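Note that this is a predicted model, so its numbers are computed, not measured.
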Amino acid sequence: MCPSKQTAKVGAMTAELNDATLAQRLAQGTGEILKGVRNVGLLRDSTLGDAGDALAQDWIARCLALHRPDDGMLSEEAADTPERLSKNRVWIIDPLDGTREFASGRQDWAVHIALAEDGEITHSAVGMPDLGKVFHTSEVRAVEGPQTNRLVVSRNSPPAIGQFIADELGMELVTMGSCGAKAVSVILGDNDAYIHAGGQYEWDNAAPVGVAQAAGLHTTRLDGSAPTYNNESPYLPDLLISRPDCAERILVAAAKYKELHGDYAE
């Protein structure tokens, strides 16, 4: 190898990655690891899911320790510590969102990588490994076109408010697995909106919210307020990601449901 080529190769390997590239590569690499674990067929069901969670978390943590040693981290698969609360920059991670779907061979699972700076998502990536794609904030745009009149909710824990809003607005209710997969379905124009109520945490929706925002979609809590991240309690139970042209009527229906039932998750 001539010296010039050797120098170029070393430089490419050691150059510092910017945040956008790091998020994208973390999502891509994690997806490849998870597909490799699953595709060799040595594990199945919950054992496969547990192995995927652990291996993906370990690889992401090692990468962040090398490339962003001063940043904080909040992950579903790692013990939470109060140290992150003193950090302005915190990586919010779900190494494998949709573990049941992953372990059962479905495609609607995802990898969530997000960077929150002072409580707002500045860079994020949602990897959809079985689709061979990573949706990331530096290059994403929502597909425009006619409304589908479809509302997507959780496959494993569909909230009652979903059926209420679908009935109220005359929408078709559909279900999917991962929060990332549901957000991507709205970005791609397959569904008009995604709502959730109850049982969700920051790592579930930080990356999907960041990518959806970058794509030009509406992203709020069900009361219309903006979600914030790296809070002392990571519980963030309700969410709306939708086309901008149907967000208001969904929020009005959500407010009506809360007035009737006292809470979005009831």
Side-chain angles (χ1 to χ4, degrees), residues 23 27 53 57 71-99 109-126 135 137 151-162 165 176-187 193-215 217-242 247 250-251 254-255 257-258 261-266:
D53 283 332
Q57 172 62 35
D71 291 355
M73 182 177 71
L74 172 64
S75 174
E76 181 177 17
E77 302 303 328
D80 190 14
T81 65
E83 179 188 10
R84 65 177 173 82
L85 298 174
S86 64
K87 304 281 189 178
N88 294 329
R89 293 166 47 93
V90 177
W91 293 85
I92 303 178
I93 309 296
D94 193 343
L96 173 51
D97 188 63
T99 305
W109 57 281
V111 177
H112 294 178
I113 309 291
L115 172 62
E117 298 185 74
D118 297 319
E120 296 186 2
I121 305 302
T122 54
H123 299 281
S124 71
V126 173
F135 297 82
T137 48
L151 177 66
V152 64
V153 297
S154 170
R155 172 176 171 262
N156 296 314
S157 53
I161 190 175
I165 291 176
M176 294 179 70
S178 163
C179 177
K182 292 189 283 285
V184 164
S185 78
V186 181
I187 292 172
Y194 157 49
I195 66 164
H196 189 83
Q200 208 170 73
Y201 293 82
E202 290 186 16
W203 49 74
D204 292 306
N205 56 52
V209 163
V211 173
Q213 285 176 341
L217 297 179
H218 173 99
T219 57
T220 63
R221 304 284 298 272
L222 288 179
D223 63 1
S225 63
T228 61
Y229 294 90
N230 194 35
N231 298 293
E232 182 174 1
S233 169
Y235 189 58
L236 206 167
D238 59 86
L239 182 69
L240 167 63
I241 294 176
S242 77
I250 293 174
L251 290 173
Y257 180 89
K258 185 177 181 181
H261 298 273
D263 188 82
Y264 298 121
E266 290 299 321

* Report the distance from atom CD1 of Ile121 to atom OG1 of Thr137, rounding to the nearest 0.5 Å. => 9.5 Å

* Heavy atoms only: give me the nearest Pro158-Val153 pair and the separation to one decimal. => CB-CG2, 4.1 Å

* How close do Ile187 and Ala215 get, heavy atom to heavy atom, and via which atoms? -> CG1-CB, 4.2 Å

* Any side-chain heavy atom of Val90 sitting closer than 4.5 Å to one from Leu115? -> no

* Asked: Got Ser154 and His196 here, is their nearest side-chain heavy-atom distance under 4.5 Å?
  -> yes

* **Closest non-hydrogen atom pair, Pro95 against Asp53** => CB-O, 4.4 Å

* Gap separating the CH2 atom of Trp91 from the CG atom of Leu74, nearest 0.5 angstrom -> 13.5 Å

* Using modelled atom types only, decide if a donor and an acceptor are shared between the side chain of Asp238 and the backbone of Tyr264 within a distance under 3.5 Å. => no

* Would you check if there is a donor-acceptor pair between the side chains of Gln200 and Asn205 at a distance under 3.5 Å? => yes

* Test item: side-chain donor near acceptor, Ser225 and Asp223, under 3.5 Å -> yes

* Are Leu251 and His218 close enough that some pair of their side-chain heavy atoms sits under 4.5 Å apart? -> yes

* Structure fact -> For Ala116 and Tyr229, the nearest pair of non-hydrogen atoms, with its separation, is CB-CB, 4.1 Å

* **Ala181 to Met176 - nearest heavy-atom pair and separation** => O-CE, 3.7 Å

* To do: Measure the OG1-CD distance between Thr220 and Gln213 for me, rounded to the nearest 0.5 Å.
  => 10.0 Å

* Asked: For Ala110 and Ser178, which heavy atoms make the closest approach, and how far apart are they?
  -> CB-OG, 3.4 Å

* Mind running side chain to side chain contact (heavy atoms under 4.5 Å, CB included) on Leu236 and Arg221 for me, showing each step along the way? => CA-CA 9 Å; Leu236 206 167; Arg221 304 284 298 272; 3.5 Å; yes

* Structure fact -> CH2 of Trp109 to CG of Leu96, rounded to nearest 0.5 Å, is 6.5 Å

* Taking atom types as modelled, find out whether Thr228 and Glu120 have a side-chain donor-acceptor pair closer than 3.5 angstrom. => no

* Asked: Is a side-chain donor or acceptor of Ser124 paired with a backbone partner of Ala207 at a separation under 3.5 angstrom?
  -> yes

* To do: Evaluate side chain to side chain contact (heavy atoms under 4.5 Å, CB included) for Leu217 paired with Val186, printing each intermediate quantity in order.
  => CA-CA 8 Å; Leu217 297 179; Val186 181; 3.7 Å; yes

* Asked: Given side chains that start at C-beta, do those of Leu240 and Tyr194 come closer than 4.5 Å, heavy atoms only?
  -> no

* **Verdict with reasoning, Ile165 to Ile195, per side chain to side chain contact (heavy atoms under 4.5 Å, CB included)** => CA-CA 10 Å; Ile165 291 176; Ile195 66 164; 3.7 Å; yes

* Asked: Within the distance-only criterion (no hydrogens, no angle test), does the side chain of Lys182 pair as donor or acceptor with the backbone N or O of Gly177 below 3.5 angstrom?
  -> yes

* Side chains of Met73 and Gln57: closer than 4.5 Å at any heavy-atom pair? -> yes

* Asked: Is it true that a side-chain atom of His112 and a backbone atom of Asp204 form a donor plus acceptor pair closer than 3.5 Å?
  -> yes

* Side chains of Glu202 and Asn231: do they bring a donor and an acceptor to under 3.5 Å? -> yes

* To do: Could you pull out all residues at least two apart from Arg84 that satisfy side-chain hydrogen bond (donor to acceptor under 3.5 Å, both in side chains)?
  => Asp80, Asn230

* **Contact check, side chains of Leu239 and Ile241, non-hydrogen atoms, under 4.5 Å** => yes

* To do: Measure the OG-CG distance between Ser75 and Asp94 for me, rounded to the nearest 0.5 Å.
  => 6.5 Å

